[in-house]
Amino acid sequence: MRYIEKTNEILNDKYTEYVYEAFDIQNKEKTTVKIPINFEECKYFDWNIGVIYGGSGTGKTTLLKEFGDLSEEHFDENKPLISNFDFLEPKDATFLLSAIGLASVPTWLRPFKVLSNGEQYRAELAYKVGKAKPGDVILVDEYTSVVDRDVAKAMSNALQKYIRRENKKIILSSCHFDIMEWLRPDWTYSPLKGRVEKHDYLRQPRPKIELQIFRCRYETWDIFKQYHYISEDLNKAAKCFCVTWNDKPTAFFAFLPMPSGTVQNAFRGSRSVVLPDYQGLGIGYSISKYLHKLYKKDGKNIYVKSVNPALVNKRKSDTDYHFNGKTQSHEEGGKLKGRKLRDTPAYSFKFIGGVSDITEEDLNVLRFNADAWKDVSQNQMQLF
């Protein structure tokens with residue numbers, strides 16, 4: 001087995017002399033670290049994702065440097081985030097950011113320096129991944145070390161899907177093992193074991209996440225409004241819902257009645273926001289569909305409109321929705337804060353799916369009137 005040997009001379013003083021005497025250290029001239037390096041097996045199978053894992057001081061960064069440069073990316077802090085991706089066409093830049101799980105349009109328009117730690121980390125990941133040329137191995141050191149652990153899981157899930165879809169190669173170093181089932185690496189390497197271990201995570205289902213969803217007050221919108229891609233406004237008549245994951249606000253949904261002379265007892269989706277830290281898990285689509293089922297089970301006709309291309313395509317392929325056509329996208333009254341109507345069309349759908357899995361207990365989510373979302377008795381549901 002080959003080793004990387006790192007040797008440094010010790011600059012002795014009274015502190016090092018104390019250590020020698022107190023702990024009976026014999027080597028007083030130099031300190032040496034030997035790190036086993038054995039990645040030969042990676043040459044003999046196809047892979048997209050590798051992880052070097054271990055505690056601090058085990059040599060993860062040193063091993064990662066064997067594959068290439070670990071230089072950091074620098075963003076122009078005077079530009080909107082998305083403008084830093086000028087090596088791509090605008091459409092491709094939005095796709096890349098969305099695919100990495102940073103799908104918040106307002107976030108794209110803010111400079112890097114004002115983003116949260118989680119948003120900055122995803123932006124850096126997206127930049128490295130997008131810059132990689134065919135045949136390059138993308139290298140990421142200290143993966144998810146600076147973000148919340150639930151955020152790390154969401155980020156890992158989004159990243160692995162994109163890497164595999166684009167057939168890229170990435171190696172990450174991490175001291176966290178809780179990401180493995182979400183990142184789903186093809187191989188891992190521990191400096192303590194000194195060997196590559198192949199994995200077949202793709203044959204295993206992704207871990208379930210347990211979300212809580214409940215009625216909430218209008219004021220809860222304040223947590224989410226800055227992330228809505230159209231407007232921070234919300235109709236006071238909206239019926240609002242909050243979603244949490246491990247007691248942390250994660251997503252928000254709002255519905256409004258549809259006055260109509262032809263369709264009775266009809267409601268439409270008004271606002272839906274998943275906080276940037278939790279994008280990439282499919283939470284938005286799954287929860288909105290769950291809420292659509294609740295409305296239908298309660299005898300309501302439920303409609304939804306969207307301009308997001310990915311969401312539109314997903315609903316077009318989903319047999320639980322009927323495509324009603326596309327129209328000019330605008331708010332009620334033909335105006336959006338005094339601006340002209342956008343050229344982007346909006347696509348309308350009606351929910352026509354079954355509701356056999358919805359119980360009377362589930363319907364309490366619709367009927368419960370809360371004073372504040374923090375005080376609400378939480379109705380738990382399993383996602384996936």
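- No donor-acceptor pair closer than 3.5 Å links the side chain of Asp136 to the backbone N or O of Ile138.
- Applying the salt bridge (Lys or Arg N to Asp or Glu O under 4.0 Å) rule to pairs touching residues 16-29 yields nothing, sequence neighbours excluded.
- Val140 and Val146 fall within a single hydrophobic cluster, where Ile, Leu, Val, Met, Phe, Trp and Tyr side chains are chained together by heavy-atom contacts under 4.5 Å.
- At a threshold of 4.5 Å between side-chain heavy atoms, the hydrophobic network of Ile, Leu, Val, Met, Phe, Trp and Tyr places Leu275 and Leu109 in two separate groups.
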>> Between Tyr15 and Tyr18, does the side chain to side chain contact (heavy atoms under 4.5 Å, CB included) criterion hold? Intermediate values first, please.
In response: CA-CA 5 Å; Tyr15 296 96; Tyr18 172 80; 5.7 Å; no

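- Between Phe323 and Phe349, the distance separating the two ring centers is shorter than 6.0 angstrom.
- Contact record, Gln120 with Phe112: NE2-O, 2.9 Å, taken as the closest heavy-atom pair.
- When Ile49, Asp200, Asp46, Val51 are each tested for a side-chain contact (heavy atoms from CB on, under 4.5 Å) with Asp186, only one passes: Ile49.
- In the hydrophobic clustering, where aliphatic and aromatic side chains (Ile, Leu, Val, Met, Phe, Trp, Tyr) are joined below 4.5 Å either directly or transitively, Leu139 groups with Ile4, Val33, Ile35, Ile37, Phe39, Phe45, Trp47, Ile52, Leu63, Leu64, Phe67, Leu70, Val137, Ile171, Trp187, Tyr189, Val196.
- Listed by chain and residue number, Thr188, Glu197, Tyr201 satisfy the side-chain contact (heavy atoms from CB on, under 4.5 Å) test with His199 (two or more places apart in sequence, or in another chain).
- Under the 4.5 Å side-chain criterion, counting only non-hydrogen atoms from C-beta, Lys305 is not in contact with Arg268.
- Every pair passing side chain to side chain donor-acceptor pair (under 3.5 Å) that includes a residue from residues 77-105 is listed here, sequence neighbours excluded: Ser104-Thr107.
- A side-chain donor-acceptor contact under 3.5 Å links Gln279 to the backbone of Ala103.
- For the pair Cys240 and Thr220, the minimum side-chain heavy-atom distance is 4.5 Å or more.
- Applying the salt bridge (Lys or Arg N to Asp or Glu O under 4.0 Å) test to every pair with at least one member in residues 104-133, sequence neighbours left out, gives no pairs at all.
- Taken to the nearest 0.5 Å, the NE2 atom of His292 stands 11.0 Å off from the CD1 atom of Ile287.
- Judged by distance alone, with hydrogens and angles left aside, the side-chain atoms of Asn313 form no donor-acceptor pair with the main-chain N or O of Lys316 at under 3.5 Å.
- Side-chain contact between Glu361 and Asn364 is present, with heavy atoms from C-beta onward closer than 4.5 Å.
- Every ring-ring contact (aromatic ring centres under 6.0 Å, His included) that Phe351 has, sequence neighbours left out, goes to Tyr321.
- Taking all atoms of both residues into account, the shortest heavy-atom contact from Pro259 to Pro257 is CD-O, 3.4 Å.
- Across Arg215 and Leu366, no two heavy atoms sit closer than the pair NH1-O, 2.6 Å.
- Side-chain heavy atoms closer than 4.5 Å link hydrophobic residues (I, L, V, M, F, W, Y) into clusters, and following such links, possibly through other members, connects Tyr20 to Phe23.
- More than 12 heavy atoms of other residues, nucleotides or ligands shown are found within 6.0 angstrom of CZ on Arg165.
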>> Could you walk me through whether Tyr227 and Val274 satisfy the side chain to side chain contact (heavy atoms under 4.5 Å, CB included) test, starting with their C-alpha distance in whole Å, then the side-chain angles of each, then the deciding distance to 0.1 Å, before giving a yes or no?
In response: CA-CA 8 Å; Tyr227 301 104; Val274 178; over 6 Å; no

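- Expressed to the nearest 0.5 Å, how far CG of Asp362 lies from OG1 of Thr359 amounts to 3.5 Å.
- Tyr347 and Asn324 share no side-chain donor-acceptor pair at under 3.5 Å.
- Between Tyr295 and Phe267, the ring-plane angle classifies as tilted under the 30° and 60° cut-offs.
- Asp318 places a side-chain N or O within 3.5 Å of a backbone atom of Asp320 that can act as its donor or acceptor partner.
- Heavy atoms of other residues, nucleotides or ligands lying less than 6.0 angstrom from CD of Glu9 number 12 at most.
- Shown here for Lys296 and Ile352, the closest heavy-atom pair between the two residues is NZ-O, 3.1 Å.
- Among residues at least two apart or in separate chains, side chain to side chain donor-acceptor pair (under 3.5 Å) pairs with a member in residues 149-160 are Tyr143-Ser156, Thr144-Arg149, Arg149-Asp178, Asp150-Asn246, Asp150-Lys248, Gln160-Arg164.
- Taking the side chain as every heavy atom from C-beta outward, Phe214 and Val365 never approach each other to under 4.5 Å.
- A ring-ring contact (aromatic ring centres under 6.0 Å, His included) check over residues 149-183, counting only residues at least two apart or in different chains, returns the pairs Tyr53-Phe177.
- No donor-acceptor pair under 3.5 Å is formed between the side chain of Ser190 and the backbone N or O of Gly54.
- Residues Asp357 and Lys293 have side chains in contact (heavy-atom distance under 4.5 Å, counting atoms from C-beta outward).
- Side-chain contact between Tyr278 and Val151 is present, with heavy atoms from C-beta onward closer than 4.5 Å.
- Here the closest heavy-atom approach between residue Pro345 and residue Val307 is recorded as O-CG1, 3.5 Å.
- Between the side chains of Asp247 and Thr244, no donor-acceptor pair of N or O atoms lies under 3.5 Å.
- Scored by the salt bridge (Lys or Arg N to Asp or Glu O under 4.0 Å) test, Lys314 finds no partners at all (sequence neighbours excluded).
- Between Gln212 and Trp245, every side-chain heavy-atom pair lies at or beyond the 4.5 Å cut-off.
- Side chains of Asn301 and Asn265: a donor-acceptor N/O pair is absent below 3.5 angstrom, by distance only.
- Applying the ring-ring contact (aromatic ring centres under 6.0 Å, His included) rule to pairs touching residues 114-138 yields Phe75-Tyr127, Phe85-Tyr127, Phe87-Tyr127, sequence neighbours excluded.
- Side chain of Asn48 to backbone of Lys168: a donor-acceptor contact under 3.5 angstrom is found.
- A donor atom on one side chain and an acceptor atom on the other are found under 3.5 Å apart for Arg315 and Ser288.
- Here the closest non-hydrogen pair linking Ser306 and Leu311 is OG-CD2, 3.6 Å.
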> Can you check side chain to side chain contact (heavy atoms under 4.5 Å, CB included) on Ile213 and Cys242, steps first, answer last?
Replying inline: CA-CA 6 Å; Ile213 179 170; Cys242 183; over 6 Å; no

> Yes or no on side chain to side chain contact (heavy atoms under 4.5 Å, CB included) for Leu281 and Arg206, after CA distance, side-chain angles and deciding distance?
Replying inline: CA-CA 10 Å; Leu281 286 170; Arg206 198 197 71 185; 3.7 Å; yes

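- Here the side chain of Tyr218 pairs a donor or acceptor atom with the backbone of Leu234 at under 3.5 angstrom.
- Salt-bridge formation is detected for the pair Lys43/Glu40: a Lys NZ or Arg NE/NH1/NH2 atom is positioned less than 4.0 Å from an Asp or Glu carboxylate oxygen.
- By the ring-ring contact (aromatic ring centres under 6.0 Å, His included) test, Tyr3 pairs with no residue at all, sequence neighbours left out.
- Looking only at side-chain heavy atoms (C-beta outward), Val129 and Ile163 come within less than 4.5 Å of each other.
- Within the structure, the side chain to side chain donor-acceptor pair (under 3.5 Å) test picks out the following pairs touching residues 57-69 (sequence neighbours left out): Lys6-Thr62, Thr61-Asp141, Asp69-Ser71.
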